[in-house]
Amino acid sequence: MKTKRFWIASVIVTLILAGFVSLFASASPDGLESVLLTGCETADGEITGGACVLQAAGDHEIGGVFADYGMSFLDNEILGASLAGILGVVLTLVLATGFFWLLARGRKREA
């Protein structure tokens with residue numbers, strides 16, 4: 001019973017942190033993106049000149065629902081960032097739980 005309460009409390013704390021901490025995700029480029037921008041001239045986050053790797057990749061951006069630490073279909077950036085963090089945690093927990101459940105199930109068959 002204590003283990004179950006521990007896991008429930010852990011999931012609740014994780015979801016709260018994901019919803020709150022995701023609001024502080026930086027809009028600045030990360031290390032990889034900074035290196036790829038080397039040699040480019042930028043203004044307002046857009047490439048305006050120069051020669052860099054990201055110029056060729058710009059037309060092939062995947063984008064998607066969770067692009068740029070938010071949810072593209074929501075107008076409210078704060079709500080979008082919180083929901084993206086929470087849904088990211090939920091999807092990760094579901095996939096990890098399913099994967100480990102399959103592994104445990106396979107080991108029971110071997111025994």
Side-chain angles (χ1 to χ4, degrees):
M1 187 66 163
K2 288 183 180 182
T3 304
K4 187 176 183 177
R5 275 192 260 161
F6 170 77
W7 283 110
I8 291 171
S10 297
V11 169
I12 290 171
V13 168
T14 302
L15 291 173
I16 290 171
L17 284 174
F20 179 70
V21 173
S22 60
L23 297 176
F24 298 99
S26 175
S28 300
D30 59 15
L32 176 60
E33 193 172 351
S34 293
V35 170
L36 293 175
L37 281 170
T38 303
C40 279
E41 299 168 12
T42 60
D44 296 326
E46 298 294 323
I47 298 172
T48 58
C52 66
V53 177
L54 281 182
Q55 282 179 314
D59 295 334
H60 305 287
E61 290 180 8
I62 295 174
V65 177
F66 294 113
D68 293 328
Y69 304 106
M71 299 189 88
S72 59
F73 58 87
L74 292 176
D75 292 332
N76 187 332
E77 288 183 28
I78 293 173
L79 179 62
S82 288
L83 284 177
I86 291 168
L87 288 176
V89 166
V90 168
L91 288 173
T92 302
L93 287 173
V94 167
L95 290 173
T97 301
F99 177 71
F100 287 115
W101 179 77
L102 287 173
L103 284 177
R105 191 173 160 202
R107 288 192 176 203
K108 285 181 183 176
R109 286 184 182 169
E110 290 176 6

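Between G85 and A18 the shortest heavy-atom distance is O-CB, 3.5 Å. In terms of heavy-atom proximity, S82 sits nearest to L23 at OG-CD2, 3.4 Å. Taking both residues in full, the closest heavy atoms of L15 and I86 are given as O-CG1, 3.7 Å, listed atom of the first, atom of the second, then distance.
None of V90, V89, L95, L91 except one satisfies the side chain to side chain contact (heavy atoms under 4.5 Å, CB included) rule with L93; the exception is V89. With respect to I16, the side chain to side chain contact (heavy atoms under 4.5 Å, CB included) criterion is satisfied by exactly one of V13, I12, T14: I12.
Applying the 6.0 Å contact sphere to CG of L17 captures more than 12 heavy atoms from other residues, nucleotides or ligands.
Between R105 and W101 there is a side-chain heavy-atom pair separated by less than 4.5 Å.
Here L83 contributes atom CG and I78 contributes atom CD1; the two are 12.0 Å apart, rounded to the nearest 0.5 Å.
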